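One structure is given below, encoded as structure tokens.
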Amino acid sequence: MRALLVVNPAATTTSARTREVLTHALASDLKLEVAETQYRGHARDLARQATEGGETELVVALGGDGTVNEVVNGLLANGPDPESHPRLAVVPGGSTNVFARALGLPNDVVEATGALLDALRDGSERTIGLGLASGTPGSEDEGVPGRWFTFCAGFGFDAGVVGRVEQQRERGKRSTHALYVRQVVRQFLGEANRGRGVITLERPGGIEGTTERVENLALAIICNTAPWSYLGNRPIYPSPDASFDTALDLFALSKLSSGAVARYATQLLASTPQRGPHGRHALSLHDLTNFTLHSQVPLPFQMDGDHLGLRTSVTFTGVRRALRVIV
């Protein structure tokens with residue numbers, strides 16, 4: 001099988017020696033080309049070129065969730081076509097590796113490489129759904145191009161936390177769970193819309209041609225799978241029913257007071273695949289194919305843990321069976 005290995009040399013949990021060993025292991029079973037990323041968006045460009053070339057059958061992403069997201073967007077640059085596009089495989093090399101772990105892969109680069117080689121020999125793969133976030137027609141952000149995400153997107157509070165973490169990493173701080181917790185606290189203390197939310201959800205109503213609206217939401221988390229993230233080895237489930245086999249799930253809060261945050265944070269930490277956070281300030285929706293989030297003010301926006309700046313409106317589409325993945 002002709003394959004491209006896209007390597008992020010700055011991946012958090014791999015060394016040059018580890019990457020060399022993994023490359024040799026993969027090359028023993030694959031006709032392998034190796035490319036290291038050199039700039040933000042390079043993994044996307046490499047995957048797009050491999051797809052358009054028509055000869056590559058498999059693209060392997062060695063890195064964290066950001067590298068995986070770029071590769072996926074390269075593979076689907078011209079839209080989803082799982083029957084003809086190269087398959088995707090992932091070797092987790094980041095600090096959290098949500099996508100790889102949600103697929104059931106080991107959270108260790110050596111063990112994951114072994115699992116990948118076994119899956120290739122067995123011909124084991126699955127076709128998964130993805131989320132697509134686009135600029136909303138008629139809004140200030142209508143010109144923003146669509147971008148795919150693999151496991152989550154966030155509008156508001158959690159995206160602000162991601163942005164703060166990225167700022168700290170640019171200053172040389174290591175990406176640790178303690179760093180995330182500190183930035184959660186700082187984001188909460190600096191949150192301007194704690195009392196009354198500024199986000200409005202719009203989605204198709206039950207009667208054709210109608211629109212259902214939910215106003216005054218304070219944060220919104222969109223999940224394409226479960227769990228949403230991890231705190232250490234503890235999985236977090238705001239939307240336990242989210243799945244690669246369905247469309248998108250939405251979890252939103254209408255209040256970010258100290259009491260509400262403490263209550264729902266406790267529920268998140270105790271969440272399970274059977275039960276997520278719940279209460280009168282919580283909104284949970286399952287298997288949404290199309291919906292839009294509007295904000296009265298520009299809010300932070302993130303996808304797959306990558307901060308994408310401020311937005312006032314984002315339209316989401318859940319696309320089933322978008323990409324073949326080796327598992």
Side-chain angles (χ1 to χ4, degrees), residues 65-66 68-69 72-73 76 80 96 98-99 102 128-136 139 141 144-163 187 193 197-204 212-230 235-254 256 264 268 271 273 276-278 281-295 298-320 322-323:
D65 289 313
V68 174
N69 179 275
V72 167
N73 276 276
L76 277 66
T96 310
V98 178
F99 179 67
I128 65 169
L130 296 171
L132 178 65
S134 309
T136 305
S139 73
D141 298 315
V144 177
R147 179 165 171 170
W148 298 91
F149 60 97
T150 62
F151 64 92
C152 84
F155 194 40
F157 183 86
D158 83 300
V161 173
V162 169
Q187 180 67 25
N193 305 300
V198 295
I199 301 171
T200 296
L201 162 69
E202 290 186 353
R203 63 170 180 150
E212 178 184 333
R213 292 169 58 92
V214 181
E215 299 181 338
N216 302 325
L217 300 174
L219 68 79
I221 295 173
I222 302 91
C223 291
N224 186 50
T225 189
W228 163 61
S229 190
Y230 291 83
I236 307 297
Y237 296 93
S239 299
D241 294 329
S243 167
F244 287 128
D245 297 322
T246 62
L248 302 174
D249 281 30
L250 172 72
F251 173 76
L253 291 177
S254 59
L256 285 178
Y264 291 112
L268 276 171
S271 60
H278 52 278
H281 298 302
L283 172 68
S284 296
L285 298 173
H286 175 58
D287 200 13
L288 303 179
T289 301
N290 186 272
F291 62 97
T292 297
L293 296 175
H294 301 283
S295 174
L299 291 179
F301 179 58
Q302 67 91 7
M303 288 198 294
D304 287 347
D306 187 9
H307 186 263
L308 300 178
L310 302 178
R311 302 280 179 86
T312 56
S313 185
V314 186
T315 293
F316 296 90
T317 306
V319 181
R320 294 177 175 85
L323 182 68

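Position 1 is the first residue of the sequence; numbering continues from there. Remember, it's a predicted structure, so these values are computed and weren't measured experimentally.
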query = What salt bridge (charged side-chain N to carboxylate O under 4.0 Å, His left out) pairs are there with at least one residue in residues 237-252, not counting sequence neighbours?
reply = R126-D245
task = Identify, with sequence neighbours excluded, every residue that meets ring-ring contact (aromatic ring centres under 6.0 Å, His included) alongside F301.
result = none
Partners passing ring-ring contact (aromatic ring centres under 6.0 Å, His included) against F291 (at least two apart in sequence or in another chain) = F316
Run the side-chain hydrogen bond (donor to acceptor under 3.5 Å, both in side chains) test against [X] and tell me which residues pass, sequence neighbours left out.
| X | value |
| --- | --- |
| D306 | R40, R147 |
| N73 | N69 |
| R320 | D287 |
| D158 | Q302 |

Can you give me the closest heavy-atom contact between [X] and [Y], atom names plus distance?
| X | Y | result |
| --- | --- | --- |
| A159 | H307 | O-CD2, 3.2 Å |
| F151 | V98 | CD1-CG1, 3.5 Å |
| Y264 | H278 | CE2-O, 3.3 Å |
| P240 | G276 | CG-N, 3.4 Å |
| S284 | P277 | OG-O, 4.2 Å |
| V162 | G305 | CG1-O, 3.4 Å |

Contacts of type side chain to side chain contact (heavy atoms under 4.5 Å, CB included), residue [X], not counting sequence neighbours:
| X | value |
| --- | --- |
| A102 | T225, F244 |
| P298 | L310, T312 |
| S313 | T136, S139, T292, H294 |
| L132 | S134, W148, T317 |

Supply the atom-to-atom distance [X] [atom1] to [Y] [atom2], rounded to the nearest 0.5 angstrom.
| X | Y | atom1 | atom2 | result |
| --- | --- | --- | --- | --- |
| S229 | L268 | OG | CG | 10.5 Å |
| S295 | R311 | OG | CZ | 12.5 Å |
| L299 | L293 | CG | CG | 10.0 Å |
| I222 | W228 | CD1 | CH2 | 11.0 Å |
| L283 | F251 | CG | CZ | 8.5 Å |
| N224 | F99 | CG | CZ | 8.5 Å |

request  = Decide side-chain contact (heavy atoms from CB on, under 4.5 Å) for D141 and V314; before the verdict, give the C-alpha distance in whole Å, the side-chain angles of both, and the deciding distance to 0.1 Å.
outcome  = CA-CA 8 Å; D141 298 315; V314 186; 5.8 Å; no
message = Do L285 and L201 have side chains that approach each other closer than 4.5 Å (heavy atoms only, starting at C-beta)?
response = yes
request  = Could you tell me whether the side chain of T150 reaches within less than 4.5 Å of the side chain of D65, counting heavy atoms only?
outcome  = no
key: Candidate pair V72 and L130, rule side-chain contact (heavy atoms from CB on, under 4.5 Å), full reasoning   = CA-CA 10 Å; V72 167; L130 296 171; 3.8 Å; yes
key: Side-chain donor or acceptor of N216 paired with backbone N/O of T200 under 3.5 Å   = no
